[in-house]
Amino acid sequence: MNARPGAARPTEAAALNGAAESEFSGQDSARSARLAFWFAGCLAVTLLLTGASLLVGTSSVETSLAWLLAPDAQSSVILWQIRLPRTVGAWFAGALLGLAGAIAQGVFRNRLADPYLLGTASGAALGVTISLLAADASVTALAWAGKLGITAAACIGACAAIALTIVLSRGVLQTASLLLSGIVVAFLLSAVTSLLLLTKPEVWRTMQVFLLGSTGYLSWSSASLLGLVFVICVIPAALLARGLDALSLGEETAQSLGLSLSLLRLSLLGIVSLATASAVGEVGIVGFVGLVAPHLVRETVTVNHRQLLIGAPLVGGALLQAADLASRWIIRPAELPVGAVTACVGGAYLVFLLWRRSRHD
Amino acid sequence: MTNALPSAHRSSPALACRGLAAGYGARVVLAGVNLDVAAGAWTAIVGANGSGKSTLLRTLAGLAPPQAGCVMLQGRPLGAWPRRERARRLAWLAQSAGATDLSAHEVVGLGRFAHGGWLATPSSEDEAAIRRAMLATGSLPWAERRMSTLSGGERQRVYLARVLAVEAPVLLLDEPTTHLDPPHQEDIARLLLAQARGCGVCVVSAIHDLSLALTADRLIVLGRGAVIGHGTVREALAGDWLSAAFRTRVEIVEHDGAHLWRPRLDAPARD
């Protein structure tokens, strides 16, 4: 088929088109340079935050600086086995949440979508609650819970919640039905968690750490796991990014371009599930990072989905690193729950966005 | 009705349907639709609000399953085409597109998706097709602008360029002149005619504006849940299909060889 649209040209703007043609490549390269500068800026901020996180802890900054300059056996353990894996793990967890948020917003074509929309947070909380209650109930269950660990329990709970959401909505094709099912599952599982906790109030305190989010338990093994999951998630996500671009024009348009909508959505929601479940399993329920990171990217630079799916993890990672640093700094030597810090910062940012939009309107 | 197109086209229509019924859930909007739409002509679908123009287009495009009957694309059942192959042969323009943050160039580039796929970077052939389509619709000046910063008319021209960039032999367009001012509507009508007559493309579009629809080569007139008529504009006027479709007397006047709809403001309002 050799239909040539150029054979038919409206009279309008022929001269303008000619001028635009010569400017076209210049604009394209300027945009690429701006984007490269932006990515470099994000990496620089991450490096700065990583350096700062080595200096902030229960000891003073001066002491930490002295440890850095002249490390001994004890300070080496604190710097390289406690603080560094904590900040690296926080970056990967934030990056996973940022990636999941960007994908969720693309799949649902809704800027208010976040990674927890499909009931993952409630599912993870229920998984952890059941694991803690079981460990308290019998020695055999304790052995099983010990083998499984909090992380695995949270992951299983989150994945089960997503599966339940998809079953309830009878597939992934109906956006409204999927969103509604996610809300129903989230409420249902939260109610079950609350009922279970009522039977054993002593488990509540342990659960609080999980529900408020904490980066304090991150080790090299958990940071490595998060890093591995990040690589597993970000590569297919970037490959599917053109599908998200097409989806942004509408579901029917995407279908008409030759996309299998159900396969695309299922693959993308699979990535959201894996990313969210892993992050929640390691750092608990940390709100707003997945919601705010894609917004911050779009507010500062023009991106398509492939660039967004690289930019949102960079911003998400830096955000959680910064929140982790703030949680250690604000009431030092004690610590704030990192989820509380992200909620305050993220909430304030969204209020700022609303204020700016209303002023713009 | 008679088919004014050459017999060669008649023997292998670009798009056809037999005994087609289309609707939503249990609701039947159109039934018993038999059409042969030839290549090399611009066919406009007209009818009253809710007569099923968009429903027919969506079903012909394979975006909604028919309740009965079948759709044939280039002599082969629509469902028998592999998804990507079908997308290369049939391009679709929705009545309204979603809000997107992409640049105009990226949107038009999506028209080449079925030619390249997930991993392919745009080839020089793709870039040439994108440029041709943007030039044809006059949308090249804002190629690098975000869609959210364009006016409704500018956006519509970009979306139309996206459809042209597919370079498909069949174009299905749902209200392609939405949001456009009269001079731009004229440009698009000229473009569609040139696509059809100059490039041999089968162009089918739902058009709300009667005067604009009458500039097409052929009309499909919908009403009372069925096709009232399918033929040339002269056949439609001779048979007074439009009055039957709109259930009121539709007055068309001829001026300098063009057919124009004249509103009858003195006529009593319809129920």
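Throughout, a chain's letter reflects where its sequence line sits, starting with A, and its residues are numbered from 1.
Contact of Leu264(A) with chain B is made through the side chain alone, with heavy-atom distances under 4.5 Å. When heavy atoms are compared at a cutoff of 4.5 Å, Arg58(B) approaches chain A solely by way of its side chain, counted from C-beta outward. Using a 4.5 Å cut-off between heavy atoms, Leu93(B) does not touch chain A at all. For a residue to count as touching a neighbouring chain, one of its non-hydrogen atoms must lie under 4.5 Å from one of that chain's; by this rule Leu240(A) touches chain B with backbone and side chain alike. Contact annotation for Leu308(A): neither backbone nor side-chain heavy atoms come within less than 4.5 Å of a heavy atom of chain B. Heavy-atom distances place no part of Arg89(B) under 4.5 Å from chain A, backbone and side chain included. Contact annotation for Arg86(B): neither backbone nor side-chain heavy atoms come within less than 4.5 Å of a heavy atom of chain A.
The number of heavy-atom neighbours closer than 6.0 Å to CD of Glu299(A), taken from other residues, nucleotides and ligands shown, is above 12. Within a 6.0 Å radius of CD in Glu85(B), more than 12 heavy atoms belonging to other residues, nucleotides or ligands are found. Counting heavy atoms of neighbouring residues, nucleotides and ligands inside a 6.0 Å radius, atom CZ of Arg170(A) does not exceed 12 of them.
Pairing each heavy atom of Asp101(B) with each of Arg298(A), the nearest pair is OD2-CD, 3.0 Å. Heavy atoms only, all atoms of each residue included: Ala87(B) and Ser256(A) are closest at CB-O, 3.4 Å. Of all non-hydrogen atoms in Ala114(B) and Leu257(A), the two that sit nearest each other are CB-O, 3.7 Å.
Looking only at side-chain heavy atoms (C-beta outward), Phe113(B) and Asp245(A) stay at 4.5 Å or farther from each other.
Annotation: the span from Leu63(B) atom CG to Gln255(A) atom CD amounts to 5.5 Å, rounded to 0.5 Å. Taken from CG in Leu259(A) to CZ in Arg83(B), the straight-line distance is 8.5 Å, to the nearest 0.5 Å.
The most heavy-atom pairs under 4.5 Å with chain A, out of Thr100(B), Leu193(B), Leu110(B), come from Leu110(B).
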